[in-house]
Protein chains: 4
Amino acid sequence: MSTPVKIAVVGAGRIGSLHTELLSARVKGAEVVAVADVVSKAAESLAARFEIPVVCSTVDEAIDRGKPDALLVCSSTDTHEEAIEKAAAHGVHVFCEKPLSDTIESIERIRTAVERSAILLQVGFNRRFDASFARVRQAIAGGEIGELHTVRITSRDPEPPPIEYVRRSGGLFMDMTIHDFDMVRFLCGAEPTEMYAIGACRVDPAIGEAGDIDTALVTLRFADGTFATIENSRQAVYGYDQRAEAFGSAGAVSTDNVYPNTATLSNAGGVGRDLPLRFFLERYTESYVNELSGFIGAVRDGGQSSVDVIDGREAVFLAQAAERSRTGGTPVVLDDYRDELGLSG
Amino acid sequence: MSTPVKIAVVGAGRIGSLHTELLSARVKGAEVVAVADVVSKAAESLAARFEIPVVCSTVDEAIDRGKPDALLVCSSTDTHEEAIEKAAAHGVHVFCEKPLSDTIESIERIRTAVERSAILLQVGFNRRFDASFARVRQAIAGGEIGELHTVRITSRDPEPPPIEYVRRSGGLFMDMTIHDFDMVRFLCGAEPTEMYAIGACRVDPAIGEAGDIDTALVTLRFADGTFATIENSRQAVYGYDQRAEAFGSAGAVSTDNVYPNTATLSNAGGVGRDLPLRFFLERYTESYVNELSGFIGAVRDGGQSSVDVIDGREAVFLAQAAERSRTGGTPVVLDDYRDELGLSG
Amino acid sequence: MSTPVKIAVVGAGRIGSLHTELLSARVKGAEVVAVADVVSKAAESLAARFEIPVVCSTVDEAIDRGKPDALLVCSSTDTHEEAIEKAAAHGVHVFCEKPLSDTIESIERIRTAVERSAILLQVGFNRRFDASFARVRQAIAGGEIGELHTVRITSRDPEPPPIEYVRRSGGLFMDMTIHDFDMVRFLCGAEPTEMYAIGACRVDPAIGEAGDIDTALVTLRFADGTFATIENSRQAVYGYDQRAEAFGSAGAVSTDNVYPNTATLSNAGGVGRDLPLRFFLERYTESYVNELSGFIGAVRDGGQSSVDVIDGREAVFLAQAAERSRTGGTPVVLDDYRDELGLSG
Amino acid sequence: MSTPVKIAVVGAGRIGSLHTELLSARVKGAEVVAVADVVSKAAESLAARFEIPVVCSTVDEAIDRGKPDALLVCSSTDTHEEAIEKAAAHGVHVFCEKPLSDTIESIERIRTAVERSAILLQVGFNRRFDASFARVRQAIAGGEIGELHTVRITSRDPEPPPIEYVRRSGGLFMDMTIHDFDMVRFLCGAEPTEMYAIGACRVDPAIGEAGDIDTALVTLRFADGTFATIENSRQAVYGYDQRAEAFGSAGAVSTDNVYPNTATLSNAGGVGRDLPLRFFLERYTESYVNELSGFIGAVRDGGQSSVDVIDGREAVFLAQAAERSRTGGTPVVLDDYRDELGLSG
């Protein structure tokens with residue numbers, strides 16, 4: 001076997017720990033050589049669990065001492081730009097959790113850094129790598145449903161995050177719908193041209209008091225006349241509700257939720273089954289394995305990024321546009337808004 | 001058993017024939033005593049099939065000679081107003097196919113006539129009486145899914161009507177979505193306050209040339225923050241796609257299409273089943289039986305109409321609003337539009 | 001349209017009433033001209049409901065006064081032979097409810113009468129005409145699953161009949177499994193060569209005290225090595241459980257139960273749906289319409305019987321063989337048993 | 001974290017390699033310290049992949065040099081007895097692949113060795129640890145379906161093994177049905193009292209020429225009147241068909257196959273989905289992780305074996321009884337056969 005790809009993990013929180021575990025146990029050809037976290041206990045504990053040689057508190061140290069081929073950026077969003085720029089400066093590739101950064105301006109700077117250094121950057125839109133969503137994309141791309149007419153994404157969390165989290169989250173569109181904006185682009189293989197977004201606070205008044213919404217409906221229109229809807233809720237009491245449907249001139253494809261077992265129970269009260277998987281780390285485990293495997297492979301073989309800076313930017317752009325449509329109460333023509341922001345295609 | 005309710009059928013076309021057959025064979029307590037059609041052959045042929053004593057060409061004759069308790073109006077939409085006014089003038093109850101009339105003004109005149117004469121008028125929104133949609137309404141009304149947050153209606157025909165028909169149809173919203181507008185009101189048990197509608201011609205360019213759309217997406221908002229979407233297409237190649245989902249604070253409910261059998265076939269190519277029912281008369285047969293049974297019962301017992309003039313008007317109003325939103329490219333605030341039309345609640 | 005086929009119904013009980021209603025309302029080309037029942041009130045009441053001109057108490061009267069083309073024998077099993085012989089003597093065709101008669105000897109006499117008079121006789125194995133079971137047969141006969149290897153029939157009633165009924169029923173195999181024996185022959189298109197049957201009393205001890213079983217498992221073997229199982233219970237608390245699976249060299253086909261609606265409900269407790277249909281008349285309504293339509297068509301056009309005397313006899317023969325296997329505790333070689341009974345193929 | 005449980009793997013073939021990978025990557029608290037295989041290349045290659053320090057060719061060496069807490073016996077069946085006896089002699093615990101040994105006599109000797117040394121022995125009936133089958137057991141054990149009446153196991157391979165393998169397999173009952181015999185015992189939580197088995201060669205005549213069958217149907221009866229069936233085939237062209245149903249006084253539970261994704265595709269030809277998982281290592285991966293995790297936990301904590309020597313023996317006993325029933329053509333009373341073999345309960 002070839003030399004493993006050396007990874008430095010930045011950020012030893014929940015998602016950083018998960019990625020570290022998957023890189024150690026499930027992903028072939030990777031080796032975690034350093035872990036950095038400003039909370040030294042977190043870094044130490046993760047290093048101990050997976051026998052990671054370098055434990056440190058900064059990106060610089062992780063790069064200097066770990067000599068990694070790639071950085072896995074799992075720290076808070078406001079630190080992404082700096083981490084990526086340091087990686088780029090050293091020619092170190094980057095896998096970065098979503099959102100790529102807080103603002104379009106920051107992402108544009110990241111883009112410049114990445115393009116200049118020619119490093120590979122992959123954004124952590126893991127749902128693209130889920131077997132069911134990938135199958136929908138395959139059906140669309142492979143012509144199994146003909147010419148695409150409509151796409152529908154259902155995306156509901158099992159329960160809202162703590163209000164503390166809501167306050168710092170950037171809002172529902174930036175925190176939650178961002179995955180669905182990426183999914184729409186992924187499934188359609190095209191950029192939307194117009195968006196209309198409405199929102200409400202139905203789940204918990206405290207979310208409204210924190211200035212956010214917990215229920216949203218986003219309508220998107222594409223140049224060829226394709227329509228898409230995204231339906232979000234912060235709380236589906238029956239579990240994590242993550243589905244997609246696509247309809248076209250030659251058929252349709254739709255996915256279901258994922259269940260812990262296949263058993264159906266019939267008794268005098270009805271015919272039913274256990275609740276779908278509730279926890280996103282469980283629902284999407286295999287998608288994380290797949291996205292990391294793809295990244296490791298691309299780093300090793302010098303391949304293209306499957307989810308690049310533009311993908312990272314567009315999801316943030318759409319989240320901003322949704323907020324604008326919702327607060328303005330009107331549809332947003334996306335190219336106009338793009339011009340306003342000085343963005344090129 | 002009590003004396004049967006005597007019915008005069010006006011219009012011996014496809015839907016008039018179906019209703020006559022169901023009244024004869026499946027609905028208890030009804031007797032078709034007269035059939036009127038300007039095409040005398042159609043009236044005669046239907047009368048012969050079901051041994052209907054009075055065959056005539058006008059509503060007047062049908063009422064005079066048949067002495068019906070109720071009129072079943074299945075003639076073309078432009079004749080509805082006159083037929084209903086004649087029935088009202090004679091104190092004859094009315095079951096009228098959708099749409100109730102071509103314009104809001106005409107419906108308001110019908111409303112006056114009906115209220116004055118105190119006859120019972122039921123509009124033919126048969127889908128309310130379909131076991132699956134009725135079960136969704138029951139789940140919402142009975143609190144099984146808690147407080148309602150979102151409703152989603154999928155409504156796709158198996159194939160577009162002839163271009164001739166499209167030209168005279170009043171447009172997709174008035175001809176096809178009208179059923180879904182009624183369904184949204186029925187499921188939610190409330191009136192929407194805002195609407196945003198977009199449309200496209202994706203199925204057949206000839207439909208666009210005829211000035212119509214064949215694909216539509218309508219977003220509705222309700223006073224309590226509930227959202228609804230309606231997704232239409234003139235052509236689902238896999239059959240008649242008629243489904244609803246509702247989501248609320250305590251759960252969700254969704255329906256599937258109806259299949260000709262329950263068989264699942266597995267072979268080396270996949271696991272599948274036969275196509276869902278394709279023909280609306282077959283898919284919705286039981287709903288027609290149910291709506292007619294309800295109407296006959298209400299006439300016999302002096303009950304209330306389950307789908308009244310206001311229901312008939314609101315569906316037409318929403319279809320008009322949808323056209324306005326689509327052509328204007330902006331959301332329509334429904335109360336403002338209502339004011340503009342001089343409509344009271 | 002051609003002259004309707006004239007039917008005399010013998011036996012105005014539950015199934016006789018159902019058939020009369022279906023012949024009047026749902027089956028094209030039939031006219032019920034006479035109804036006979038030893039309980040004159042039953043006959044009168046049915047005649048009144050469907051405007052049947054001749055009401056009488058005997059088969060002779062029904063034939064003499066009604067001049068029917070066909071007799072619909074829905075009276076108790078012990079009267080079938082006499083009714084059929086009278087019909088045969090007058091050249092009147094017969095539709096006879098299952099079982100054709102109580103004993104093999106009686107059925108052989110019926111067979112002689114039918115063959116001599118060349119009347120058409122159809123036995124009421126309605127399940128063959130159910131869309132889902134018919135689809136399984138179609139898959140097998142059409143080669144969709146290749147060469148047939150195994151068949152599995154699940155047949156469970158929602159609740160046991162009254163003990164009074166159980167006592168006079170002829171036993172589970174003759175009363176209930178008889179439908180499944182016919183189904184096995186229908187699905188396989190072949191005769192079994194060996195049978196092993198076991199039974200138990202699990203549902204209600206009173207059934208055991210009445211000398212019967214309420215739970216059974218029958219294994220059948222065919223000449224080409226195909227295996228079949230039948231699983232029976234007198235009580236499935238979740239409703240009428242009626243399914244079939246077939247497996248072959250190129251695939252498999254299986255059916256599900258029939259539900260009153262397609263709605264799926266998800267809440268904090270699970271994901272489920274309403275119970276399947278419970279009442280056999282509701283579950284199998286369409287199959288009754290289909291079997292009667294087929295019979296009427298065959299009478300009118302001089303066609304062959306789709307379920308003939310041999311079919312009627314073989315189901316009874318298999319029920320007897322099952323009882324023999326169960327009480328003997330060993331497999332029964334069916335040809336040996338056939339020889340013992342002096343039966344020819 | 002506590003010291004990991006040290007494991008020596010005996011047999012570096014397909015299943016040995018899988019277990020080694022799972023122990024390294026997915027099972028917490030285990031460490032593979034030695035690998036033994038008579039084919040030194042196989043042992044070396046596996047050791048290299050997972051950095052296993054001791055590589056050897058015999059059980060003795062693996063124990064001497066690896067100082068394991070437990071042996072994972074994945075070598076050919078004829079070597080199980082010797083390996084287990086060596087482990088027992090050293091107080092080393094054992095996880096042994098099924099079947100435990102070739103003959104009842106050998107298993108009885110293993111039983112004596114295990115009982116004498118008080119080591120823990122777990123047999124590799126992994127399907128008990130599959131989430132869906134475990135859910136069926138839970139429903140039965142937890143009373144969710146009331147008193148158990150019938151169990152039905154469908155177990156079909158996607159394709160037959162090579163004829164070479166068939167010849168040395170011990171026959172279908174010993175090689176394949178053995179899993180289902182264990183499953184029946186696991187699901188019912190009781191021992192069957194009578195069995196009737198029939199078999200045929202339908203898939204490939206070469207299997208018949210090799211003296212084996214490829215299609216089987218086994219009927220089991222339990223003391224309380226519960227019935228069970230097992231349906232086997234060496235070839236289901238649509239994939240690995242592994243399902244169970246249980247029926248009782250208060251309801252029923254059934255499982256479905258496992259699919260690679262949840263997507264449903266509808267087009268003009270039908271409504272379908274991709275084939276179920278085909279490869280047993282993929283279908284049952286999680287069950288392997290679960291069974292090994294349970295074993296490691298039991299070794300670490302001094303717990304009981306969840307699948308013990310008696311479980312290992314009974315599956316082999318039932319496989320022998322099935323062969324006896326099939327070749328004899330009659331049901332086998334299992335206690336009589338047990339007496340004949342001199343087996344105690």
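Numbers restart at 1 for each chain; the letters A, B, ... are given by sequence-line order, proteins then strands.
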Looking at every non-hydrogen atom in both residues, tell me the closest pair between P331(C) and G329(D) and how far apart they are. CG-O, 3.6 Å
Mind listing the closest non-hydrogen atom pair of G225(D) and A200(C) along with its distance?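 Smallest heavy-atom distance, with atoms named: O-CB, 3.9 Å.
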Proximal component of T215(D), with respect to chain C [non-hydrogen, under 4.5 Å]: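 Interface part for T215(D): both.
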Heavy-atom contacts under 4.5 Å, [range] to chain D:
{"range": "residues 228-242 of chain C", "result": "A228(C), T229(C), E231(C), S233(C), Q235(C), A236(C), V237(C), Y238(C)"}
{"range": "residues 250-284 of chain C", "result": "A250(C), G251(C), A252(C)"}
{"range": "residues 183-196 of chain C", "result": "E194(C), Y196(C)"}

Salt bridge (charged side-chain N to carboxylate O under 4.0 Å, His left out) partners of residues 197-206 of chain C, not counting sequence neighbours, each pair once: R202(C)-E147(D), R202(C)-D224(D)
If I measure from the heavy atoms of chain D, does L148(C) come under 4.5 Å with its side chain, its backbone, both, or neither? backbone
Tell me which of these, V203(D), T150(D), I198(D), T219(D), has more heavy-atom pairs under 4.5 Å with chain C than the rest. I198(D)
In Å and rounded to the nearest 0.5 Å, what is the CZ to CG distance from R152(D) to L217(C)? 9.0 Å
Residues E245(D), R243(C): salt bridge by 4.0 Å N-O rule: yes
